[in-house]
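Each chain gets a letter, A, B and so on, in the order its sequence line appears, and its residues count up from 1.
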Protein chains: 2
Amino acid sequence: MAKLSIKDIAQRCNTSITTVSFVLNGKADEKRISVELKEKILKTIEDTGYKQNQFARGMRTGKTNIIGLIIEDISNAFFSAVARIIEEDAYKRGYKIIYCSTDDNTEKTKELIKLFVERNLDGYIITPPKGVEDEIQSLIDRKIPVVLFDRYFPGLETDYVVVDNFNTSKKAVQHLFDSGFEHIALVTTSSDQNQMLERLNGYEKTILENGKEPKILKIPFTCSPEQSVKEIVTYLKENKEVDAIFFSTNYLAFKGLEAINQLKLTIPDDFAVVAFDDQDFFRIYNPSITAVAQPVRDISLKLIDIILQKMNSEEKLVEKVVLSTNLIVRDSSVKRCIK
Amino acid sequence: MAKLSIKDIAQRCNTSITTVSFVLNGKADEKRISVELKEKILKTIEDTGYKQNQFARGMRTGKTNIIGLIIEDISNAFFSAVARIIEEDAYKRGYKIIYCSTDDNTEKTKELIKLFVERNLDGYIITPPKGVEDEIQSLIDRKIPVVLFDRYFPGLETDYVVVDNFNTSKKAVQHLFDSGFEHIALVTTSSDQNQMLERLNGYEKTILENGKEPKILKIPFTCSPEQSVKEIVTYLKENKEVDAIFFSTNYLAFKGLEAINQLKLTIPDDFAVVAFDDQDFFRIYNPSITAVAQPVRDISLKLIDIILQKMNSEEKLVEKVVLSTNLIVRDSSVKRCIK
DNA sequence: TAGGGATACTAAAATGATTTAGCAATATTA
DNA sequence: TAATATTGCTAAATCATTTTAGTATCCCTA
């Protein structure tokens with residue numbers, strides 16, 4: 001069974017390629033194709049199982065129906081959860097997803113964007129590392145739909161979906177104060193991406209509002225897992241007064257728990273702990289870990305909504321979405337009643 | 001700046017489209033293009049930043065340089081780790097990955113395969129749910145490269161990469177006996193996929209070899225998280241003699257830990273625990289959880305190797321790879337010395 | 001010096017769709 | 001009844017590439 005082309009369908013129906021094409025593209029009415037002929041063509045397509053050749057189609061229309069998902073790390077629970085929902089929803093609407101991880105590496109990301117653009121993807125969902133402003137701007141200039149998430153570039157007029165990092169931090173840190181902890185440290189990355197800065201600012205503001213001194217440990221993204229744990233261990237040894245820690249990412253919270261284990265200290269007696277990004281792990285851990293839950297589902301659906309809307313209309317309105325988070329208080333941030 | 005085509009390059013070099021195409025496809029020598037002309041063309045391409053149009057190319061060659069990754073669930077730590085490595089390696093070699101999750105749903109998977117085939121992907125890496133034998137066979141018949149992983153169909157002559165589930169189970173269960181536990185239960189899915197059956201068989205064999213009775217709890221994949229936990233709780237209440245549990249998947253181990261927490265029981269005093277699939281979580285948990293580590297990196301690289309080799313050669317040899325696993329003994333499966 | 005072979009290149013077909021411009025037949029209006 | 005509008009359809013250009021089947025030129029040899 002050789003592959004069927006539109007020509008074969010036309011021949012079987014004693015009509016022209018043009019007419020079949022019109023029917024295929026839902027332009028039968030607009031182009032005044034008679035109902036009988038339309039039905040006949042549709043039936044033939046159904047019977048033969050004919051499928052349009054996507055290359056030929058893409059060649060004319062320049063459309064692929066593929067969205068590029070360029071995220072920091074597909075193996076991170078937060079990003080893979082988002083990827084999962086985006087993928088699912090995109091498929092339902094007839095789009096496919098090509099994905100890749102940036103490792104938050106600027107050069108890698110630039111290359112990936114170039115690679116994807118060569119492939120004529122229809123739209124991009126990106127968690128940009130720093131330094132790719134020009135590439136993003138160039139996409140926008142070329143009228144290629146883009147939406148950023150998790151972070152954005154304040155100087156760039158782009159669509160994005162983020163959470164309210166500043167107030168989330170405030171809420172988390174204030175909760176620790178309210179629970180009776182006094183010397184609250186922040187463990188964060190040394191990244192100067194805006195979401196990280198906002199988490200940092202929220203922390204500092206709350207610390208100062210409570211008349212305390214900020215205590216911050218920054219760990220580079222490139223730091224190896226072992227080294228990260230070591231740094232936290234060292235920091236905690238050298239700052240004995242610290243009685244609570246706010247981790248600005250889920251993976252740093254992991255490292256922190258390892259560090260506390262290594263020190264043979266306990267939560268929340270020695271340290272209270274709050275993490276950014278909730279996940280099953282934190283609920284099951286002993287003690288359960290207080291965390292800030294990002295609205296993964298809302299973020300994902302909003303991303304798809306925006307990108308599809310941009311892909312299917314000429315309108316140039318820019319949508320900036322800031323979602324709020326949910327502090328889930330668990331055992332790790334509440335002082336135990338010593339009986 | 002309008003988009004450049006091969007025609008523009010040809011004009012700038014005062015040569016033909018054909019010649020440029022030969023140079024582009026590395027056939028310059030074969031087709032006896034003079035070195036000077038070749039250099040000139042290459043330089044022009046470099047200078048102008050010309051890129052081949054992938055549609056037109058795909059239309060002629062039928063090649064997309066895209067591999068379809070069809071896995072059970074991208075948000076599962078094991079699969080996302082594999083996806084991460086595959087993606088990374090594929091990019092390095094000039095291939096892109098389109099992915100999707102099957103949810104282990106037969107109908108969904110069939111649709112996905114159909115969808116991908118319409119897009120003319122060059123190859124497929126699949127964790128098949130049951131019931132898609134015909135679709136896989138049809139890919140093979142059409143000479144489309146496929147490699148399965150995590151599981152396979154014994155009746156089908158396909159390439160695959162799996163771990164030695166039977167002996168892994170044996171090793172895990174025997175370890176529990178060796179550590180002094182006597183009534184070892186298995187918590188597994190009710191799936192009859194071959195990897196699950198082998199894990200089950202390995203368990204039963206070892207139990208019988210040690211002169212004991214198998215105790216098995218099966219939980220359907222479709223069971224909700226809450227319900228799963230409830231089932232385990234009930235089972236443990238009704239089988240008081242059980243002193244150790246082997247979980248056949250990582251997510252079941254999660255449920256099991258939750259169940260044990262709910263029962264306010266402790267590991268390993270009340271139950272020893274061993275899980276299938278290692279992850280950070282198990283190392284950090286209190287107590288740390290003994291787990292069987294699949295060689296994620298080896299699995300991923302082998303998958304890419306096989307699929308690329310099949311994509312780039314006519315040879316029909318079928319590669320069946322069975323990798324061994326690594327039992328990582330941690331606190332959850334070793335009796336404490338009561339001092 | 002005719003014929004063969006190597007060298008360096010190219011014209012044109014083919015791939016499978018979309019879309020513009022337009023044609024023929026019929027219906028409607030002035 | 002002639003002009004115009006509507007209906008229903010199609011020929012052919014176009015998209016950017018690969019690849020087949022050449023051609024023209026030069027060199028060598030018998």
Side-chain angles (χ1 to χ4, degrees), chain A residues 1-42 44-45 48-66 94 117-122, chain B residues 1-42 44-45 48-66 94 117-120 122 312:
Chain A
M1 181 180 77
K3 276 229 168 174
L4 290 166
S5 79
I6 195 171
K7 199 170 152 189
D8 299 310
I9 303 299
Q11 273 170 0
R12 276 171 206 248
C13 294
N14 287 319
T15 181
S16 70
I17 289 176
T18 313
T19 306
V20 177
S21 177
F22 286 152
V23 171
L24 275 171
N25 292 289
K27 297 188 179 164
D29 294 349
E30 182 192 332
K31 298 291 180 177
R32 296 187 255 273
I33 309 300
S34 67
V35 177
E36 307 95 74
L37 184 52
K38 176 175 148 188
E39 293 299 332
K40 187 176 174 188
I41 291 172
L42 288 174
T44 307
I45 288 170
T48 55
Y50 162 76
K51 291 287 173 190
Q52 280 162 290
N53 179 310
Q54 297 295 330
F55 291 119
R57 191 153 206 267
M59 196 164 150
R60 277 296 311 198
T61 62
K63 297 270 174 229
T64 52
N65 284 1
I66 297 178
V117 169
E118 276 171 40
R119 292 230 149 248
N120 300 284
L121 303 204
D122 290 350
Chain B
M1 180 181 78
K3 276 231 167 174
L4 290 165
S5 78
I6 196 170
K7 199 172 154 188
D8 300 307
I9 303 299
Q11 273 169 3
R12 278 172 204 247
C13 294
N14 286 317
T15 182
S16 70
I17 288 177
T18 312
T19 305
V20 178
S21 176
F22 286 151
V23 171
L24 274 169
N25 292 288
K27 297 188 181 166
D29 294 349
E30 182 191 332
K31 298 291 179 178
R32 295 186 255 272
I33 309 300
S34 66
V35 177
E36 306 96 76
L37 184 52
K38 176 176 149 188
E39 293 299 329
K40 188 176 174 188
I41 291 171
L42 287 174
T44 309
I45 289 170
T48 55
Y50 161 77
K51 291 288 173 190
Q52 281 163 290
N53 178 310
Q54 296 296 329
F55 291 119
R57 189 152 207 266
M59 195 163 151
R60 277 296 314 199
T61 62
K63 296 271 174 228
T64 53
N65 284 3
I66 297 177
V117 169
E118 276 172 40
R119 292 228 148 250
N120 300 285
D122 290 349
N312 296 315

inquiry  = With heavy atoms of chain A within less than 4.0 Å as the criterion, where does contact along DNA chain D begin and end?
reply    = dT7(D) to dA16(D)
inquiry  = Less than 4.5 Å apart, side chain to side chain, heavy atoms only: is that true for Ser21(B) and Thr18(B)?
reply    = no
request  = Check each of Asn53(A), Thr48(A), Thr44(A), Ile45(A) against Leu4(A) using the side-chain contact (heavy atoms from CB on, under 4.5 Å) test, and report the only one that passes.
outcome  = Thr48(A)
message = Base, sugar-phosphate or nothing for Ser5(A)? Non-hydrogen atoms, less than 4.0 Å.
response = sugar-phosphate
inquiry  = Could you go through Asn25(B) and Glu30(B), starting from their C-alpha distance and side-chain angles, then the distance that decides it, and tell me whether this counts as side chain to side chain contact (heavy atoms under 4.5 Å, CB included)?
reply    = CA-CA 11 Å; Asn25(B) 292 288; Glu30(B) 182 191 332; over 6 Å; no
task = Spell out yes or no: do the side chain of Ser16(B) and the base of dA11(C) have one donor N/O and one acceptor N/O closer than 3.5 Å?
result = no
Minimum heavy-atom distance Asp122(A)-Lys63(A), with the two atoms named = OD1-CA, 3.5 Å
ask   = Shortest non-hydrogen contact from Ala56(B) to Met59(A)?
value = CA-SD, 3.7 Å
ask   = Could you give the CD1-to-C1' distance, from Ile45(A) to dA17(C), as a whole number of Å?
value = 13 Å
task = Give a yes or no answer on whether the side chain of Asn14(A) reaches the backbone of Arg12(A) with a donor-acceptor pair at less than 3.5 Å.
result = no
ask   = Is Lys38(B) near enough to dA8(C) that one of its side-chain N or O atoms lies under 4.0 angstrom from OP1 or OP2?
value = no
key: DNA chain D contacts among residues 54-61 of chain A, heavy-atom distance under 4.0 Å   = Met59(A), Arg60(A)
query = Going by heavy atoms in the side chains, are Val20(B) and Tyr50(B) under 4.5 Å from each other?
reply = no
inquiry  = Any non-hydrogen side-chain atom of Gln54(B) less than 4.5 Å from a side-chain atom of Thr64(A)?
reply    = no
inquiry  = What's Lys63(B) touching, base or sugar-phosphate or nothing? Going by heavy atoms closer than 4.0 Å.
reply    = nothing
remark   = Closest of dT20(C), dT18(C), dC9(C) to the Lys31(A) side chain is dT20(C)
inquiry  = Checking the side chain of Asp29(B) only, and the main-chain atoms of Lys27(B) only, is there a donor and an acceptor separated by less than 3.5 Å?
reply    = no
query = Whole-Å distance between dT20(C) C1' and Ile17(A) CD1?
reply = 15 Å
inquiry  = Are the side chains of Arg57(B) and Ile6(B) in contact, using a 4.5 Å heavy-atom criterion?
reply    = no
query = Any side-chain heavy atom of Arg119(A) sitting closer than 4.5 Å to one from Ile66(B)?
reply = yes
task = Measure from CD1 on Ile33(B) to P on dA6(C) and round the result to the nearest Å.
result = 17 Å
task = Write down the distance between CZ (Arg32(A)) and C1' (dA21(C)), rounded to a whole number of angstrom.
result = 14 Å
message = What is the distance, to the nearest angstrom, from the CG atom on Asn65(A) to the C1' atom on dA17(C)?
response = 14 Å
ask   = dC9(C) phosphate, OP1 or OP2: any side-chain N/O from Ser34(B) under 4.0 angstrom?
value = yes
ask   = Taking atom P of dA14(C) as reference, at what distance in whole Å does atom CG of Asn53(A) sit?
value = 17 Å
task = Please state how far atom CD1 in Ile41(B) lies from atom C1' in dA8(C), giving the value in whole angstrom units.
result = 12 Å
inquiry  = With each end axis built from five pairs of C1' atoms, what bend angle do you get for the helix from dT1(C)-dA30(D) to dA30(C)-dT1(D)? Round to 10°.
reply    = 60°
request  = Round to the nearest Å and state the distance from Ile6(B) atom CD1 to dT15(C) atom P.
outcome  = 19 Å
request  = Might you point out which heavy atoms bring Cys13(B) and Lys40(B) nearest each other, and give the distance in Å?
outcome  = O-NZ, 3.6 Å
